Amino acid sequence: MKKILVIGACGQLGTELTLKLRDLFGVENVIASDLREAVDLIKDGPYEQLDVMDKSRLDEVISTHNIDQIYHLAAILSARGEQNPMLAWDLNMTSLLNVLETGRDRISKIYWPSSIAVFGPDTPMVQTPQTTVMNPNTVYGISKLAGERWCEYYFQKYKVDVRSMRYPGLIGYKAKPGGGTTDYAVDIFWKAILDNSYECFLKPDTLLPMMYMDDAVKATIDLMQADPTALKVRSSYNISAMSFSPDMIYREICKRYPDFQIEYNPDFRQQIADSWPDSIADDQAREDWNWSPSFDLAKMTETMLDNLEVQLV
Ligand code: NAD
Ligand code: AKB
C-alpha cells in the first residue's frame, strides 16, 4: 500500500489533518512528521522526527515508508516571519523546493498550502478575485506568492501534480496556532473560558477572512481527491467561509458569556491585518471541485465553546 507523509504534522493544521487522513485511509498509512517530538493527539500512529530542510533525510523517509503523497505544511507564519524574515524566507522556500524536487520522479501528488497573505495593500479588499493585483508586503506573504509560482512551474515543466489553496485564518480547538496574525480568533475562546477577559492585538473593526478547521480539512482532502483534469488553477485556489472582526466575534461569544470583557491594544500585527483582504471570492474552487463551507461565525463559535468547555473546565 502506498503511503501519505504529512510534514509539519504537529502544527495547528497538521494535527487535525493527520487525524482525519488516518480516519479515512488507516492509521498505518499516514506517516506524521515534524521537527519536534510528536504531540499527544497523533502519537498513536507512525511518526518520523524530520527536518524538511535536510533533503537527504527527506529522501530517506520517503523511501523507508514507500511514500506516494505528501502534505507539506511546515512554515513560519506571518507574525513570527516579521520577527525573523531571513529564517522565514529560508524555511518557507527551501522546504517547498526540497519537496517539489523530491516529487519530480517519486511522488504522485503533493499538497502545499498558500494563504490570504499573498495579497497586499494594492489588492481589491472586498471579494478579492482569484486573479488580481497581489504585492504582499510581509516576508510570509512574499514567500507564499513565490511558492505559488514554483508550484505552477513544477506542474507545467515537470508534470508534478501539486495542489494548493489560499487558506484564510484557521480556527480550531484541538491545536493552538503557531505565530500568525489571525491567532487572536483562537486565543479569544481560551481566554473567554479561562479568564473571562481578553486583550486583543487588533483593532475592533479589523475584518479578516476566516475558516473553521473542519471546513479547511475537508477542503484540503477534497482538493487532493479531485479529478486532476478539472483543476484549472495550478498556483493556488482562493477559498472562503466567513469574514468577521474582533468586535463581531466578541459579541458572538458574549451570547454565552455575557460578562466577557475585551480590551484593544493593537500591535505590529495590525499593519499586517490591514494589508489583507476583508473577504475572498472563491467561485473558481466552487466550480472546479465543488467547494462549499459548512461553518459560519455562529456555528463555529458554538462548536469552539462546546468543545473547549469540555477540554478546559
Ligand atoms: P504551525 O506553525 O502551527 O505548524 C507548523 C509546523 O511545522 C510546526 O509543528 C513546526 O514544528 C513544523 N516545522 C517547522 N519547521 C520545520 C522543519 N524544518 N521541518 C519539519 N517541520 C517543521 O502552522 P499551521 O497553522 O499548522 O500552518 C500549516 C500550513 O498552513 C503553513 O504552510 C501555513 O502557512 C498554512 N496556513 C495556515 C493558516 C492558519 O491560519 N493556520 C492560514 C493560511 C495558511
Ligand atoms: C497568519 O495569520 O499568518 C495565518 C495566515 C492567514 O496565513 N493564519
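Because the structure is predicted, anything quoted here is derived from the model rather than measured. Just so you know, ligand 1 is whichever comes first in the structure, and atom 1 is the first atom listed for that ligand.
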Would the distance check show the side chain of [X] and the main-chain N or O of [Y] forming a donor-acceptor pair, the cut-off being under 3.5 Å?
X: D34; Y: C10; result: yes
X: Q49; Y: L35; result: yes
X: R163; Y: T220; result: no

Test side chain to side chain contact (heavy atoms under 4.5 Å, CB included) applied to S279 and S240, P168, S243, P209, the passing residue: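 Testing each of S240, P168, S243, P209 against S279, the sole residue satisfying side chain to side chain contact (heavy atoms under 4.5 Å, CB included) is S243.
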Is the closest side-chain donor-acceptor distance between [X] and [Y] under 3.5 Å?
X: S108; Y: D161; result: no
X: D54; Y: S56; result: yes
X: R106; Y: S63; result: yes

Pocket residues of ligand 2, ordered first by chain and then by residue number (heavy-atom cut-off under 4.0 Å):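 Within the 4.0 Å shell of ligand 2, which is judged on heavy atoms, sit L77, S78, S115, I116, Y140, G180, T181, T182, W276.
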Derivation and outcome, side chain to side chain contact (heavy atoms under 4.5 Å, CB included), residues L5 and S33: CA-CA 7 Å; L5 176 65; S33 74; 3.8 Å; yes
Does ligand 1 have any N/O atom under 3.5 Å from a protein N/O, and what are those pairs and their distances?
unit_1	atom_1	unit_2	atom_2	d
ligand 1	3 (O)	Q12	N	2.8
ligand 1	9 (O)	G11	N	3.2
ligand 1	9 (O)	D34	OD1	3.4
ligand 1	9 (O)	D34	OD2	2.7
ligand 1	9 (O)	R36	NE	3.3
ligand 1	9 (O)	R36	NH2	2.9
ligand 1	11 (O)	D34	OD1	2.6
ligand 1	11 (O)	R36	NE	3.2
ligand 1	18 (N)	D51	OD1	2.8
ligand 1	19 (N)	L50	O	3.4
ligand 1	19 (N)	V52	N	3.0
ligand 1	21 (N)	L35	N	3.3
ligand 1	26 (O)	Q12	N	3.1
ligand 1	26 (O)	L13	N	2.8
ligand 1	32 (O)	L73	O	3.1
ligand 1	32 (O)	K144	NZ	2.9
ligand 1	34 (O)	Y140	OH	2.6
ligand 1	34 (O)	K144	NZ	3.0
ligand 1	40 (O)	L170	N	2.9
ligand 1	41 (N)	Q12	OE1	2.9

Spatial distance of atom CD1 (I239) from atom CZ (R166) [nearest 0.5 Å]: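 It comes to 11.0 Å.
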